[in-house]
Amino acid sequence: MELVYALAVGILVSAGVWLLLRPRTFQVIMGLSLLSYATNLFIFGMGRLHMQRPPILNDAAPDPSLYTDPVPQALVLTAIVIGFATTALFLVVLLALRGLSGTDHVDGREPEQ
Amino acid sequence: MLLTLIAALPFVGSIAAAFLPAGARNAAAWLAGVVAVACLALVALLYPGVQAGGVETFRFEWLPQFGLDLYFRMDGFAWLFALLVSLMGALVVLYARYYMSPEDPVPRFFAFLLAFMGAMLGVVLSGNLIQIVVFWELTSFTSFMLIAYWYHLPDARRAARMSVTVTVAGGLCLLMGVLMIGEIVGSYDLDDVLVAGDVLRAHPWYGALLILIALGVLTKSAQFPFHFWLPQAMTAPTPVSAYLHSATMVKAGVFLLARLWPALAGTNLWFWIIASAGAASLLVGAFSATFQRDTKGVLAYSTISHLGLITMLLGMNSELALVAAVFHMMNHATFKASLFMAAGIVQHETGTRDMKRLGGLARSMPITAAVATVAAAAMAGVPLLNGFLSKEMFFAEAIVVGRSLGMSITLPTIALLAGVFSVAYSLRFVHQVFFTEPSHDLPKPGHEPTRGMIVPGALLVVACLLVGVLPAVTVGPVLETAMMSILGPELPEYRLAIWHGFTLPLVMSFIALAGGITFYVLLLARGAVMSPTPILSRLNAARMFDVANVVVVRGAAKLSHLFFTRRLQSQLLAIVGIALVAGVAAFGSTGWSAGENPLTPIDPLFTLLWVVGAACAVGAAQQAKFHRLAALIMLGGAGLVTCLTFAWFSAPDLALTQIAVEVVTVVLLLLGLRWLPRRIAFDDPRRKTPRARGRRARDFLLAVAAGCGTAALAFAVLTRPQVSDLPGYFLRNSLEVAGGRNVVNVILVDFRSFDTLGEITVVAIVALIVYALLRRFRPAPESIDVPKAQRADPAPLTTAVDAPLPRGYMRLPAVLVRLIGPMAGLVSVYFLLRGHQAPGGGFVGGLVMASAVIVQYMVGGTMWVESRLRIHPQVWIALGMIGAGTAGIAAWFAGKPFLSALAADLHLPLIGDVHLSTVLLFDLGVYMLVIGAVVLMLVALAHQSLRSPRRVPVEPSRESAEETDEAEAVV
């Protein structure tokens, strides 16, 4: 499973980075979304992969080894929501740029060549 | 306490003046006058405390561990300057009331004037070196604002920029010098620094710190070679010139020199740096003043020259010279301010400052002429006036200080030469303006000004006379108090008197008078009174400054052009490339290896899941340019697989959040797609060039490398055991301490709730930015029309506002969605309430509720929904912030730190036992804020389509476009 998980993160990063370097704003926004999936998965993976051990406690004196690490989950949870907010912000900036400059190139003008 | 009041009062007055309406000329003047007089009275009240070497202090501990306190300290010398600043302030306010024209925004003027007064009093009264520098910079800033007061004049703006560049650069040097002093002495307190003179002078840093302090001081006091900003600053209103640029601010430099004199003076280096800068300014200023055509120009150069005289005295390393310097600071302030006021009156009444046009004004303005003549005589050093006394002391010092033969000839020669020029320019000033043939070429016929303008200058002139005739009675005690605070109780022998017997300095005074008169008569005879300054007019320092400015700016532009690109792609390439290199380099020393943990067996279902996920990711990457909708669907696919992965590996909360966010993200991007330009795969030949292919190959390799690197890193971590016990801490304490079974939620709303508070604040701010940006949104022209798909549709999707259900194929979804609405609300509240014990919480609940609202919009149409249901997302955001904040602040009332959880178990009749906690309130805040923020962003974006059909295709004029915007302001 670890191998599949690592490969999944790697592929998401590759696709994200490729899009990040493209010239059109929509491509960049897609790239950032893919990268944020990858990053969230990567951080989540820092708690290692455990199946059927959600950090929902059953008894008063819990044994930590029976539960997965809750800290990366807490980090990723807010990251997901903030990721949505920044995507929205970037989308609106993208639209405003398009309206003002008449192009969807990331530099606000078509390349000269 | 009174001390702080002196420094604080002007700032309070300044803020009050800033809020007065622009036409409130009298109110602003009264306010400023009252503040200045109050300061003056307070200063006068404190005199008994500083007599005989006493020191008044007030200390407020601020950062004691860094030796930084708010420390005000008034000794005799500071008292003298505080008196000067507040007294001059009061007189200048009176003068300015009549000088400023009713058309000017006078409250702004007085606001800055008062702020300057406060800053200057701060410099004078600070007992901490850092604090002095802070107030010092404030004086530079207020001076900038006052020089640029008439900012519609290009000259004023240029002069203001020049002065602020020079003085602030000097201020930075001063700060460095002060920091070095602090390092050496171990304290920034003036009391400690002043007694550490021997340590400072013997320290190897002494040379460097002296040069830095000198740079600060010489720029501030407009000393050669930094003098050029002062004549330019004469574009400021005349009250500013009289107050800042002759009486007080330019004195800050020499004030600090005298202040630090016991700590730094006494070495050869001090003599060479300070005295030679002073001597050069003395000569250059006096010489240039003799040839200015502008009345204020004469006074500006003469100010440079007199400050040079003071600086030179301070540089002579003699206690008597120090006495003379302090004495001359006072004298110069009195006569120069009254001269500036006279020059201002002349300009005010005749409309010009050009001495070639002015002439013979003594007949029409006799009082002004009398005042100016006496003041100019004081400036020239005529006996019976104060200028004569300090100048004679200067001559005396110049004779005795020189230790070598060369020096004992050079110093008196410089002094005498400067004396000659000073007599010449004083005479020329008075003669040309008041006593030549009356001019007929004036913009306005001159006449006496109102009393308010002449009184301040007249009072100053009376002071010149009184000090000049009875120095020992009038100024003697005050000067003695001031000197004792610098030099200690044992003062050198000096005698303030007009007649010291028939001495060499007296002879020099008379030679200077005779020489000056002769020089001026010669100039008159040769008709060269209005010729430009010989030699020096070619060396235009102001112009050199401008050239240097341009060179620096161009150089900076070139440098940034070399090292920086505005192109986003190159920047991102650099970021990714550097991250990759840094990541690989981190493995460099140890090499990469997999960990020892046994691998969990591979589940084919999970593998299949990620085959789909990877295909979606790669597909999205490939299609994002030409098939945006397809790419978006595939992005959603990758998101779903991510969501399932969270669920797979024991993270139910994450899975819930991810799926809800996935929904709103896709809706968001779908709403955005409509405003993007059409792009067809075959219309771009640029994609086929070798260069474009090469670039894509490079990016592809980089992307693959980044992916491989991250995968390798992830694998290396996943196969190693966990080392920290952080999860153990949270798992053990969650139930016991915080009373929650869902540890993720407990971390979010209890253990680390301050982080969460920050995060929801970010979300709220982003939502408001999105809203604000969309209010001014201008779609691209070709996107304005109704999209092709909608035009082709025979039955429009939008529901009529009054119809209960849409027509056609949208009817069924509409019924379903309306059924779902209340249920979704119920589910969201359920998630919120159970979040502490089971998967759920404010984030998930809020997202579910927001999706429910959005779905109503999507199916019913914006108009239809809003005609029935007014939601105010901003209110939700505000309530959410208030809720979360209240939960945090409530802890204060229980005597606990911010955001501590408070719980109460109540037993209510009928309902039973209820567990109430501020944590729930906090989570409720998160819930409401998330609903508000998400709905605000999506609805604002959805509203953009509403206004497009109404927009006329022709570009409307700006005003009408603004109106439409207001009318269609979203939500």
Side-chain angles (χ1 to χ4, degrees), chain A residues 1-2 4 6-15 17-21 23-24 26-27 30 33-34 37 41-42 45 48-57 60 62 64 67-71 73-74 76-78 80-82 84-85 87-89 91-92 95-96 98-99 102 104 106-107, chain B residues 567-569 572-573 576 599-600 602 607 610 614 617-618 620-621 624-625 628 631 635 642 649-654 657-658 661 665 668 672 675-677 699 703-704 706-707 710-711 714-715 718-719 726-728 730-731 735 741-744 747-748 759 763 766 770 773 778-780 843 937:
Chain A
M1 290 295 241
E2 280 81 2
V4 178
L7 282 176
V9 172
I11 289 169
L12 285 175
V13 166
S14 287
V17 167
W18 162 260
L19 282 176
L20 203 60
L21 300 173
R24 302 293 154 188
F26 188 75
Q27 291 174 303
M30 298 294 269
S33 298
L34 286 173
Y37 292 148
L41 281 174
F42 184 84
R48 308 303 186 271
L49 306 180
H50 300 285
M51 276 174 282
Q52 286 162 20
R53 288 193 213 163
I56 315 281
L57 306 175
Y67 300 96
T68 186
D69 186 351
V71 180
Q73 295 195 17
V76 170
L77 201 151
T78 46
I80 293 172
V81 179
I82 298 242
F84 166 72
T87 307
L89 180 61
L91 181 77
V92 171
L95 295 179
R98 153 92 173 119
D104 65 340
V106 285
D107 293 333
Chain B
R567 296 185 52 236
L568 183 74
Q569 283 169 281
L572 287 175
L573 188 72
V576 174
L599 296 180
T600 43
I602 293 182
T607 315
W610 270 106
V618 173
K625 187 162 190 178
R628 297 195 191 104
L635 179 78
T642 306
F649 294 113
S650 324
D653 281 283
L654 290 193
T657 315
Q658 179 74 51
V661 164
T665 308
L668 176 86
W675 304 105
L676 288 171
D699 292 350
V704 169
T710 325
F715 188 72
L718 287 172
T719 49
L726 195 61
F730 287 117
L731 289 166
L735 191 55
R741 289 180 185 274
N742 181 359
V743 187
V744 175
I747 293 177
L748 285 177
E759 274 147 359
V763 172
V766 169
V770 165
L773 279 173
R778 298 261 183 289
F843 280 112
M937 288 191 264

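To find a chain, count down the sequence lines: A is the first, B the second, and so on, and within it residues start at 1. Only a predicted model underlies this, so the values are computations on that prediction, with no experimental measurement involved.
Listed options A:Pro62, A:Ala85, A:Pro70 were ranked by heavy-atom pairs under 4.5 angstrom with chain B; first place goes to A:Pro70. The candidate from B:Val744, B:Asp653, B:Val766 with the greatest count of non-hydrogen atom pairs under 4.5 Å with chain A is B:Val744. Comparing A:Ile56, A:Val4, A:Leu12, A:Val71 by heavy-atom pairs within less than 4.5 Å of chain B, the highest count is held by A:Ile56. Heavy-atom pairs under 4.5 Å with chain B were tallied for A:Leu41, A:Val9, A:Thr87; the largest tally goes to A:Leu41. When A:Leu34, A:Thr68, A:Leu49, A:Ile11 are compared by the number of non-hydrogen pairs under 4.5 Å with chain B, A:Leu49 comes out ahead. Here B:Ile602 is the residue among B:Ile602, B:Leu573, B:Thr719 with the most heavy-atom pairs under 4.5 Å with chain A. In terms of heavy-atom pairs under 4.5 Å with chain A, the best-connected choice from B:Thr657, B:Leu572, B:Val743, B:Asp699 is B:Asp699. Each of B:Ala711, B:Pro677, B:Ala631 has some count of heavy-atom pairs under 4.5 Å with chain A, and the biggest count is that of B:Pro677. In terms of heavy-atom pairs under 4.5 Å with chain B, the best-connected choice from A:Leu77, A:Val17, A:Leu7 is A:Leu77. Ranked by heavy-atom pairs under 4.5 Å with chain A, the first of B:Leu599, B:Leu635, B:Leu726 is B:Leu635. Ranked by non-hydrogen atom pairs under 4.5 Å with chain A, the options B:Ala706, B:Gly728, B:Ala620, B:Ala624 are led by B:Ala624.
Contacts of B:Phe715 with chain A are made by both backbone and side-chain atoms, with heavy-atom separations under 4.5 Å. Proximity to chain B (any heavy atom under 4.5 Å) is shown, for A:Gln27, by both the backbone and the side chain. With a 4.5 angstrom heavy-atom cutoff, B:Ile747 touches chain A only via side-chain atoms. Residue contact with chain A, scored on non-hydrogen atoms closer than 4.5 Å, involves the backbone and the side chain of B:Val770 alike. Looking at A:Leu91, only its side chain comes within 4.5 Å of chain B, counting heavy atoms on both sides. Proximity to chain B (any heavy atom under 4.5 Å) is restricted, for A:Asp107, to the side chain, taken from C-beta onward. Only the side chain of A:Leu19 comes within contact range of chain B, judged by heavy atoms closer than 4.5 Å.
Nearest approach of A:Trp18 to B:Ala621, heavy atoms of both residues: NE1-O, 3.6 Å. Nearest heavy-atom pair, A:Ser14 versus B:Val704, reported as atom, atom and distance to 0.1 Å: OG-CA, 3.7 Å.
Here the CG-CG distance, from B:Leu568 to A:Leu21, works out to 9.5 Å after rounding to the nearest 0.5 Å. Note that the CG atom of B:Leu773 and the CG atom of A:Leu89 stand 7.0 Å from one another [nearest 0.5 Å].
In terms of modelled atom types and a separation under 3.5 Å, the side chain of B:Ser650 and the main chain of A:Gln52 share a donor-acceptor contact. Not a single donor-acceptor pair under 3.5 Å links the side chain of B:Arg628 to the backbone N or O of A:Phe26. With A:Glu2 contributing its side chain and B:Thr600 its backbone, the two residues share a donor-acceptor pair below 3.5 Å.
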Next item on the list: Would you check, one step at a time, whether the test side chain to side chain contact (heavy atoms under 4.5 Å, CB included) holds for A:Ile80 with B:Phe843?
Entry: CA-CA 10 Å; A:Ile80 293 172; B:Phe843 280 112; over 6 Å; no

Next item on the list: Start with the C-alpha distance between A:Arg24 and A:Asp104, add both sets of side-chain angles, then the distance that settles salt bridge (Lys or Arg N to Asp or Glu O under 4.0 Å), and finish with yes or no.
Entry: CA-CA 6 Å; A:Arg24 302 293 154 188; A:Asp104 65 340; 3.1 Å; yes

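Within the 4.5 Å cutoff, side-chain heavy atoms of A:Met51 are placed close to those of B:Phe649. B:Gln658 is listed as a side-chain neighbour of A:Tyr37, based on a closest heavy-atom distance under 4.5 Å.
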